[in-house]
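Because the structure is a prediction, the values reported are computed rather than measured.
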Number of protein chains: 4
Amino acid sequence: MYRSRLKGKLDKDALKFLSSISDDLALLYYDIVGSEAHSVMLYENGLIKQQELKKILNALEGVKKQDLKKLASEEYEDIHEAVEAYVVEKAGMDSGGKMHTARSRNDQVALDIRMKIRDDINDICREMLALIDTLVKKAEQNKDSAMIMYTHLQHAQIGTFSHYLLSYADALFRDLDRLYICYGRVNQSPLGACAIGGTSIKIDRRKTASLLGFDSLVENSIDATTARDFMVEFCFGLAMIMLDLSRVAEDFVLWSSSEFNYVELADEFTSSSSVMPQKKNPCPLELMRAKASMSLGLLMSLMGTVKSLPSGYSRDLQDTKHILWQSISIAKDSLKLMRFIIESLKVNKKIMFESAQNSYAVSLDIAEELVKKGIAFRQAHKIVGSLVKTASDSKKSLAALNEQEIKSVIGKDFPAEELAKIIKSVDPKSSLEARVSLGSPNPKEQERMISDRKLKANGYRKGIEKRAKQVSDAFDSLEKNVRSQLS
Amino acid sequence: MYRSRLKGKLDKDALKFLSSISDDLALLYYDIVGSEAHSVMLYENGLIKQQELKKILNALEGVKKQDLKKLASEEYEDIHEAVEAYVVEKAGMDSGGKMHTARSRNDQVALDIRMKIRDDINDICREMLALIDTLVKKAEQNKDSAMIMYTHLQHAQIGTFSHYLLSYADALFRDLDRLYICYGRVNQSPLGACAIGGTSIKIDRRKTASLLGFDSLVENSIDATTARDFMVEFCFGLAMIMLDLSRVAEDFVLWSSSEFNYVELADEFTSSSSVMPQKKNPCPLELMRAKASMSLGLLMSLMGTVKSLPSGYSRDLQDTKHILWQSISIAKDSLKLMRFIIESLKVNKKIMFESAQNSYAVSLDIAEELVKKGIAFRQAHKIVGSLVKTASDSKKSLAALNEQEIKSVIGKDFPAEELAKIIKSVDPKSSLEARVSLGSPNPKEQERMISDRKLKANGYRKGIEKRAKQVSDAFDSLEKNVRSQLS
Amino acid sequence: MYRSRLKGKLDKDALKFLSSISDDLALLYYDIVGSEAHSVMLYENGLIKQQELKKILNALEGVKKQDLKKLASEEYEDIHEAVEAYVVEKAGMDSGGKMHTARSRNDQVALDIRMKIRDDINDICREMLALIDTLVKKAEQNKDSAMIMYTHLQHAQIGTFSHYLLSYADALFRDLDRLYICYGRVNQSPLGACAIGGTSIKIDRRKTASLLGFDSLVENSIDATTARDFMVEFCFGLAMIMLDLSRVAEDFVLWSSSEFNYVELADEFTSSSSVMPQKKNPCPLELMRAKASMSLGLLMSLMGTVKSLPSGYSRDLQDTKHILWQSISIAKDSLKLMRFIIESLKVNKKIMFESAQNSYAVSLDIAEELVKKGIAFRQAHKIVGSLVKTASDSKKSLAALNEQEIKSVIGKDFPAEELAKIIKSVDPKSSLEARVSLGSPNPKEQERMISDRKLKANGYRKGIEKRAKQVSDAFDSLEKNVRSQLS
Amino acid sequence: MYRSRLKGKLDKDALKFLSSISDDLALLYYDIVGSEAHSVMLYENGLIKQQELKKILNALEGVKKQDLKKLASEEYEDIHEAVEAYVVEKAGMDSGGKMHTARSRNDQVALDIRMKIRDDINDICREMLALIDTLVKKAEQNKDSAMIMYTHLQHAQIGTFSHYLLSYADALFRDLDRLYICYGRVNQSPLGACAIGGTSIKIDRRKTASLLGFDSLVENSIDATTARDFMVEFCFGLAMIMLDLSRVAEDFVLWSSSEFNYVELADEFTSSSSVMPQKKNPCPLELMRAKASMSLGLLMSLMGTVKSLPSGYSRDLQDTKHILWQSISIAKDSLKLMRFIIESLKVNKKIMFESAQNSYAVSLDIAEELVKKGIAFRQAHKIVGSLVKTASDSKKSLAALNEQEIKSVIGKDFPAEELAKIIKSVDPKSSLEARVSLGSPNPKEQERMISDRKLKANGYRKGIEKRAKQVSDAFDSLEKNVRSQLS
């Protein structure tokens, strides 16, 4: 439609290569709403007549009823052209031809993307809160789930399964907060920046921004049409979610192995093997790790695309949509599935406890008891290290060492009898109760944190719904305006 | 179909998350052929009866006629299950239930992927040769296209447009060679490795390999089912193509700017603007740069997916298909479009020549003339550097400097009169003719290289077609075998 | 020092492979301060005696005077071990051996990194503000620098060089804000989380946090020792800066080519060629693009490292320091150099203006004039598009078209005479003055934005200095405390 | 030294930013040798006099004795300038000033890099062969190490530890082959391409290539100075090695956990904890995973750097050296350490066997026995699946199921008595012996593969040493030539 200077149509293969129509369908709704707001503003500022406005709005209503497949039939390079062509055809050149006054696809596509991902951010934040709720609830149900905690995949200290769940929730809160803040940078209107340098037509940028529920403007016209950092930041935020989910997935894949056997996925979230009848594979978790890699690669594609690009719109930017849409799907689907998996997860508390009891993971607890008796920690560390060596060489637990054995190891560093008592007094339960530091898996600390995280989640929930309402109120209001023009 | 140990079906969302059916449709043909070869081998080794073979082959024929959409209706986790389920249904459990004897999805999917990308490599190599042909031909038509050559985007030496085209061809030859070698690593059969550890059934791995046109086997059963390096290497090869195309695209985007104005894309490969009527945007080239970033990101996704994965199949590997398919499409489409663009490219030789003539890009030629008169190069470099400074300060060309000006710059380092003559004798044409080093843009060197590259391309062409024939002969032979069983 | 359970020393090659000492030297200062605060807290909570505290603090003073090279002589796996070993040696096991009470390297290294990058963020924010100041000042000096604006590297609209500079400033403000917010997530103390599960010793986590100038705690002990998202977010923020700088670099590389010739780098920021005497290469800008790629790769390394890592410290995390330190250097150096380059940049306003005047970049302005006369924009776009085609076919400017030519193109769509007048009335200067939309390069809009950005920069400056003061006040206070103990 | 056109020196910060001297030190040796060969060629082609040659060679000898630190003292932008400046100073402008005749830093740096990484490839190939030797030898010692094989980290089939080791060797063979082929693309001389367009001086490119031990030339002068695909391909090859090592590392980290307890790292390759006395952490393996991520990020940096770069040398390319040097170190160090770790690895065969015996990993073996009795595999899969379900519900092994239980599960599908016999006859040892397919962990297959891999390694070894000799012969010959000139 715009090829007045160029001869003939685009080559068929070139059109196929260039067209973003299939990615653009996700923008169609926003493109229409954006065009409505722009047209209303043009009318309110005397730039088009009421009769022209009506025809435009009427044609835009028609687009809504269009068959998407037909629209996407690759006749146009993008959705903006498709919509305008329809409007010009239906409303006539004299009216429809005015819709694109003081607007370019360059500010228009930035506008559409911002409106779409504004909604996406809210949706994903809701999914995150649902997952956080599930984690906190599952933690609440498992406060007493004593288990070994691992560093370097080696036995470290006694902890609880619930403490792990709470640590996931805390990480997700930060991921959530990153998206929450990103929203502020997304929710600014670029409309009116036009191609790159604004316009001589007396438009009202603040008016369209307000009609569309934006907080403010991306002022500088070059910046408004060039910048994609809001997309990159969002894409990064999504990748961060996936990194955290990949960690949860890894923990659970390990723990659902026969060797750990701490948790068991519900059957409906596992796959079997085509040849090995005994298999119960934690496939969705494995795939979530792959999706995290996918998400990283997409971020890299996006950042690589904008790197060293000159200022002003370049067609390279078209692919940023395709990349981001994929990232959004990955995060949405993964968050949801992780929630289902955790909700239905079977926790083998008994096995967890026995493993803890039979491990050397209480070593630090013993060393700390020695510290309380006045031994320097570094010395206590050495004493217990030697005990572990002795015990493990003879494949015994620490509690199974007799006084003689203890004495032969520690000499006169500490009374063997007293140490033997200390060792016997330490078990997973006592270990957890003795843990007094803030943020530890001590049952009371867990309770405090559970209450606190519930409050925190509610705070975010309110903020998100308030934002969502600001947008839906603006859209409702715009729709009423449109209706009243058309009635 | 395989959930004998597990209760009930997969959760609906989990199935959607896990299913690779849509990516698998690209494997369907290969899955069927692979199953045919496997079944024929089972029969020939006395592991199933002829009647059973017939039923299986008949059912597989049925799959070929199946509606793809129905097959992909997300009822199954993957194409292998879908096909086997169909075969068991049609051929009955007694016969159809034997098709999966001594085979697992783990070796099967590796087999299917290898067969598919074997064809993809050949296809892409053909596309590369077509592009190389076009480059060489376009170079042949433009051997006399004197133009400035750039380093740091600054004027460097006099060269020709055709010399650039030949440099692209040479880079593409290396890209081609990488895929050509990768083919050897792809064309090995994993079939018979089963789940991870082979089988106690007396199969003949060499037989199935031969029936399917493979050169050899991936022997070790863990390796055969775990390794995806053949996919990564291919994906890397595709990214390398895109890197080279992104460079060509960048050169052409620059040269088609108004400021350079050396080349002009045919109208059918440019887009216009929705607001700026004068625009003629080189969109496909810009997008090709973005696709190069996409290709890099995909490579990163793929490598990130296999990083630190334990040995043996993990579900993470499923996503490697999705990633690679995307990479393949990007490279195929981009190669084709680049060929069209170059074929139809308008070369503004006159402007190229004038820019060359008015530039300081002959400075090195002048310095080398001084060298031939016995001046040390470093000294000659200084002399000409000072001349350029004087000339550029007064916005003159070197040829416009008079003897007096030259003398004031160089003093007694060299006779000014003689230098003035040298300067005047050097122009783009003489510069190119004087260039004597092997591989330079000297017209005769170009002619030599053009002939040579044509031969080289033909050599690859023969090799590729020979390989393709090996596969198609094997497939034809297998099909005859199947037909004879079914008749 | 900790190998009580293990036989003998680390293998020499393994030590070299494992040691992070060289990266750790950047943490030494923070490690000492952190140990001081921890020891003071232990004393204040009755966990060590004053005499023991004195000995520890005295030994820590000794570390400060140590020869860094000796410390880094690869005898230790990391700086924490090196420092503790020194303290135990100097203060004796009875006192020095108590320093590590209720602390692990796992929370300690997280603490040190957080303290270091807290300072780094402030430093980089200051560098960013200095660059923003320079951009705004340079813009102020060049408000009248009419030039062509580009989209797709093709002539788009008339703008100004200063408007570009302001768009860079606006992008950098967002980059700045991202770091500014990241600081909040960094400035939380993990100390007291110990190995992974807290401690049974009655420490006061809030006290150490306050002694070290932190805002709050990372509560959950697993989270505090596992999470590296604060590093990833910072690394991402740095990559975003580099992406924006790469864009500025690309613009300037293009504009300093002979073909554009809009800007000229000061000689002291360009390199010459070893053979081509005429060269003046914008090397620092080119290298800045490479550094942006480096920065992306580092981000990918970092994110890839934490992907799918199980909860709890794993040694993989060690390399995150090396990665981040590199990213920090890249951003710091690049910001500084970009500032110098812009400060000393020569702007060729005359050439800019002439290029603008001779271009078709006023086409949209003309079309908008037609709109003001009542022509539908889409129609106006067509009219001007046809005019450009006619003009460019005969290599004329639009202003050079005579009425007859205009008429032959536009027929009766619009009076040719009137259109000819419009065309003649539009030049770069009038175009800019007519541009009325908010955020356009209109001189008054620029003035408004310049004032506004100055205010905005000052706001950030105050916030950063306030934060820096909170940290330095805490450190001063701690130092006094230490001094008083030692005196 | 080259700034004849430019005023004054580089800005100090710019010099620091631009200088690659520290990375270049690794090239110094090659730069000197390259300059020797170039000078000898100039002399042999009558382009410089013997006396001049002698002075140049003499000065180059002086560079060899230079203090590297002084050379790297950041006075020069790169090593090429530093060396030439020294030569001009020592040999005088009249002679030394001729060394750079018909040469540019653009072809020179490509030459130096190619010579350096030619050696690096050989070194790394040698390290790979040493690791492969170790793997094969360790496999040979552990042919009888029955253990569970895993897919999805779940029990799959019975295999052996040695079979895993052999699968690593096979993957490494492919990694080796990739580098082996890459060498061919590296070992081509770019010298004589000059800045970008060759020279009018009658040089002999084939002569310098031969003097320096190259196989052939990179002909096209643009290609020779622009292309970095040989570096990218090498960097990719290194990343592929690291991906395979990361997998080995992951397997061993898992298997050295208390839960698996299959292998134990020698004490000298493990680290302890600063607080948990019982810890024995597999730190080098964890770090190797991180290094794999580092290696991927470096590849991304490198590919991102060359993406969309225009043809001809741009300063961006400077950073490719820094990136590649890091990749090389990572791979070299990791290969060596992995070799040490495997050599000293303790294998807990007894625990492996017991785990195998107590698992359901024989399920497929049982199903295959049923197949041999005529049951369709899909049916056999169902039967055994149901048995596993029954057994696992009551936490029994399959062998512990009595006939009654078996009957209740399978009904009349198969005689329960016979099935019970089959189950009892299957154990890890019989399972391995029954495995007959090519490439399975059957002891005889392993022996065959071990012999074969030894031969294969020797083949590569010979090829590598032959290549190395070609280079060292050329260098020796050149040195003699230089000596004879200087004597």
Side-chain angles (χ1 to χ4, degrees), chain A residues 2-11 13-14 16-18 77 80-81 84 100 103-105 194-195 267-281 283-284 286-287 289-291 293-294 296-302 304-305 314-319 323 333-334 336-337 340, chain B residues 2-11 13-14 16-18 77 80-81 84 100 103-105 194-195 267-281 283-284 286-287 289-291 293-294 296-302 304-305 307 314-319 323 333 336-337 340:
Chain A
Y2 312 129
R3 299 172 68 81
S4 46
R5 187 196 157 182
L6 305 175
K7 251 183 307 188
K9 289 193 172 183
L10 260 179
D11 170 85
D13 284 293
K16 203 179 138 201
F17 190 75
L18 286 177
E77 283 184 55
H80 321 298
E81 189 183 5
E84 192 189 344
H100 211 59
R103 188 174 71 158
S104 155
R105 282 182 295 184
C194 302
D267 280 5
E268 63 263 40
F269 295 105
T270 59
S271 290
S272 192
S273 155
S274 70
V275 287
M276 295 163 295
Q278 83 280 9
K279 294 300 287 296
K280 181 177 175 178
N281 297 323
C283 290
E286 297 168 64
L287 211 47
R289 295 185 304 206
K291 302 265 176 240
S293 285
M294 193 69 210
L296 292 198
L298 288 166
L299 176 63
M300 210 36 29
S301 294
L302 186 53
T305 299
S314 292
R315 192 67 172 252
D316 313 57
L317 297 179
Q318 175 174 298
D319 265 10
I323 296 168
D333 293 349
S334 300
K336 191 176 171 188
L337 215 67
F340 292 164
Chain B
Y2 313 130
R3 300 173 66 82
S4 47
R5 188 196 156 181
L6 305 175
K7 253 184 306 188
K9 289 194 173 182
L10 260 178
D11 170 84
D13 284 294
K16 202 179 139 199
F17 190 73
L18 285 176
E77 283 184 55
H80 322 297
E81 190 182 6
E84 193 189 345
H100 211 60
R103 189 175 68 160
S104 156
R105 281 183 295 185
C194 302
D267 279 5
E268 62 264 39
F269 295 105
T270 58
S271 290
S272 192
S273 156
S274 71
V275 285
M276 295 164 294
Q278 83 281 8
K279 291 301 284 299
K280 182 177 174 178
N281 297 323
C283 291
E286 298 168 64
L287 210 47
R289 296 185 305 205
K291 302 264 174 241
S293 286
M294 193 68 210
L296 292 198
L298 288 166
L299 176 64
M300 213 34 28
S301 294
L302 185 54
T305 300
K307 191 221 121 192
S314 292
R315 192 67 172 252
D316 314 57
L317 296 179
Q318 174 173 298
D319 265 9
I323 295 168
D333 293 349
K336 192 176 169 188
L337 216 68
F340 292 165

Can you see which heavy atom on [X] is nearest to which on [Y], and at what distance?
| X | Y | result |
| --- | --- | --- |
| Asp13(A) | Phe340(B) | OD2-CE1, 3.3 Å |
| Phe17(B) | Pro284(A) | CE2-O, 3.5 Å |
| Gly297(A) | Ser301(B) | CA-OG, 3.2 Å |

Is it the side chain or the backbone of [X] that comes within 4.5 Å of chain A heavy atoms, both, or neither?
| X | value |
| --- | --- |
| Ser273(B) | backbone |
| Lys9(B) | backbone |
| Ile323(B) | side chain |
| Met294(B) | both |
| Leu6(B) | both |

Can you tell me how far the [atom1] atom of [X] sits from the [atom2] atom of [Y], to the nearest 0.5 Å?
| X | Y | atom1 | atom2 | result |
| --- | --- | --- | --- | --- |
| Lys16(B) | Asp333(A) | NZ | CG | 5.5 Å |
| Thr270(B) | Arg315(A) | OG1 | CZ | 10.5 Å |
| Glu286(B) | Leu18(A) | CD | CG | 9.5 Å |

Residue among Gln278(B), Lys307(B), Arg103(B) with most heavy-atom pairs under 4.5 Å to chain A: Gln278(B)
With a 4.5 Å cut-off on heavy-atom pairs, point out which of Leu298(B), Asp11(B), Leu296(B) contacts chain A the most. Asp11(B)
Quick one: are Gln318(B) and Cys283(A) in side-chain contact, heavy atoms under 4.5 Å? no
The side-chain hydrogen bond (donor to acceptor under 3.5 Å, both in side chains) partner of Glu77(A) among Ser274(B), Ser271(B), Ser272(B) is Ser271(B)
For chain B, which candidate among [options] shows the most heavy-atom pairs at distances under 4.5 Å?
| options | value |
| --- | --- |
| Met300(A), Lys336(A), His100(A), Glu268(A) | Glu268(A) |
| Lys291(A), Glu84(A), Glu81(A), His80(A) | Lys291(A) |
| Arg105(A), Lys279(A), Lys280(A) | Arg105(A) |

Relative to chain B, which segment of Leu337(A) carries a heavy atom at a distance below 4.5 Å: side chain, backbone, both, or neither? side chain
